[in-house]
*Asks:* 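The structure's right below; bear with me while I get my questions together.
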Amino acid sequence: MRYILTFGYTGLCKLNSKYYVAKVSFLSQQPKFTQVTVKRRCLIFASIFQSFFPVNDKSCSKFVQLEACNISHDVQQAVYVDNMAFRETKTLENVNLQIFEGEFLLVIGENGSGKTSLLNILAGLDVPDQGFLKWYNKKMKPSDMVSRIGIVFQFPEKAFIGDSVFEELTLGLDHVLPEDIEEVMEACNLNDISLTTSPFLLSGGQQKKLALACQLLRHPLILFLDEPLSGVDSLSRKCLITIFDKLKGKVTIVMVSHEPAELFLRADRVLQLFGGQLREVPESVVRKAMTLRNLRQNS
Ligand SMILES: Nc1ncnc2c1ncn2[C@@H]1O[C@H](COP(=O)(O)OP(=O)(O)OP(=O)(O)O)[C@@H](O)[C@H]1O
């Protein structure tokens, strides 16, 4: 079998000598095809792609010939951090961490414990003073990672630059189908918002959902989410959690939260930042915390 794929969830296919991008939607999980000019071929993470769109003769519709090259099955670690310290914020010391492809990692910790600092380093926005960090066993260059990392900041409005919701959603993207926009807006419970509205005029919760919608349109390999549920109402909370459930296992998610009730049992691992170091919260502790919470809610 031959196929060419660009990074992530985007497949390149050939039909009648023309190339098409097969975008596999996070949300509907259906491939959509858009004609493109091929600029480069590169390594793909077949395991991720296949979880969405199993690549075999049956799953490719008749008219799609998936072509050629370079498939890597051995990429397991999305992020590897060795003995890292970040002293600028006086928060992180000797942090060791491996994040696996497709994992949903939840990082908890008190205010000021360094969760955002850690996220910024993992996303390549800050450089540690000590230790090192690599993505995908160095198979991806940091410059390539930039476009493959999605980050939703704690205060996303600080990062908005578009004059309208539409501009914010499509900034830097070549091919955006109107139905893709519609799909993410609906999934993020933003369908009542006009695309011409300024992102700065949205409420805090709407801005958070817009920031996530922007990232979903970009099909990141790793999604970093800083307090995604804070400041959103219960309906939006449910809708965001539904999105996280859909993404789970298909994209690597690193989420920071200090109010993790709904997230505890969804995460594959829960890590706590304490005294500058990361420690794993055992599953038994997570389950006990959830049981106590349920008991309190029901009493
Ligand atoms: N740019 C900066 N320069 C210096 N110190 C900083 C900077 N940013 C954050 N800090 C400090 O680093 C510490 C950790 O901040 P960080 O935002 O990483 O914590 P956090 O766990 O995300 O907190 P919260 O839960 O309140 O969002 C805090 O004491 C903060 O004052």
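Indexing begins at 1, ligand by ligand and atom by atom, following the structure's order.
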*Asks:* Give one line per pair: atom of ligand 1, protein atom, distance. Only N/O to N/O under 3.5 Å.
*Replies:*
{"from": "ligand 1", "atom 1": "12 (O)", "to": "Thr89", "atom 2": "O", "distance (Å)": "3.3"}
{"from": "ligand 1", "atom 1": "18 (O)", "to": "Thr116", "atom 2": "N", "distance (Å)": "3.4"}
{"from": "ligand 1", "atom 1": "18 (O)", "to": "Ser117", "atom 2": "N", "distance (Å)": "2.9"}
{"from": "ligand 1", "atom 1": "18 (O)", "to": "Ser117", "atom 2": "OG", "distance (Å)": "2.6"}
{"from": "ligand 1", "atom 1": "19 (O)", "to": "Gly114", "atom 2": "N", "distance (Å)": "3.3"}
{"from": "ligand 1", "atom 1": "21 (O)", "to": "Ser113", "atom 2": "N", "distance (Å)": "3.2"}
{"from": "ligand 1", "atom 1": "21 (O)", "to": "Ser113", "atom 2": "OG", "distance (Å)": "3.4"}
{"from": "ligand 1", "atom 1": "21 (O)", "to": "Gly114", "atom 2": "N", "distance (Å)": "3.0"}
{"from": "ligand 1", "atom 1": "21 (O)", "to": "Lys115", "atom 2": "N", "distance (Å)": "2.9"}
{"from": "ligand 1", "atom 1": "21 (O)", "to": "Lys115", "atom 2": "NZ", "distance (Å)": "2.9"}
{"from": "ligand 1", "atom 1": "22 (O)", "to": "Thr116", "atom 2": "N", "distance (Å)": "2.9"}
{"from": "ligand 1", "atom 1": "22 (O)", "to": "Thr116", "atom 2": "OG1", "distance (Å)": "2.8"}
{"from": "ligand 1", "atom 1": "23 (O)", "to": "Gly112", "atom 2": "N", "distance (Å)": "2.9"}
{"from": "ligand 1", "atom 1": "25 (O)", "to": "Asn111", "atom 2": "ND2", "distance (Å)": "3.0"}
{"from": "ligand 1", "atom 1": "25 (O)", "to": "Lys115", "atom 2": "NZ", "distance (Å)": "2.7"}
{"from": "ligand 1", "atom 1": "26 (O)", "to": "Asn111", "atom 2": "ND2", "distance (Å)": "3.0"}
{"from": "ligand 1", "atom 1": "27 (O)", "to": "Gln154", "atom 2": "OE1", "distance (Å)": "3.3"}
{"from": "ligand 1", "atom 1": "27 (O)", "to": "Gln154", "atom 2": "NE2", "distance (Å)": "3.3"}

*Asks:* A side-chain contact here means heavy atoms from C-beta on lying under 4.5 Å apart; do Glu103 and Val254 qualify?
*Replies:*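 With C-beta onward as the side chain, the pair stays apart.
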*Asks:* Applying side chain to side chain donor-acceptor pair (under 3.5 Å), name anything that partners Lys115, two or more places apart in sequence or on another chain.
*Replies:*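 Lys115: no side chain to side chain donor-acceptor pair (under 3.5 Å) contacts found.
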*Asks:* My understanding is that only residues two or more places apart in sequence, or in another chain, count here; which of them pass side chain to side chain contact (heavy atoms under 4.5 Å, CB included) with Thr91?
*Replies:*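 Side chain to side chain contact (heavy atoms under 4.5 Å, CB included) list for Thr91, sorted by chain: Thr89, Ser117.
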*Asks:* Can you name the residues that form a salt bridge (charged side-chain N to carboxylate O under 4.0 Å, His left out) with Lys248, not counting sequence neighbours?
*Replies:*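 For Lys248 the salt bridge (charged side-chain N to carboxylate O under 4.0 Å, His left out) partners, ignoring immediate neighbours, are Asp268.
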*Asks:* Got Leu247 and Leu223 here, is their nearest side-chain heavy-atom distance under 4.5 Å?
*Replies:*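 Yes - at least one pair of side-chain heavy atoms lies under 4.5 Å apart.
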*Asks:* Got Gln130 and Asn83 here, is their nearest side-chain heavy-atom distance under 4.5 Å?
*Replies:*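 Yes, close enough: below the 4.5 Å cut-off.
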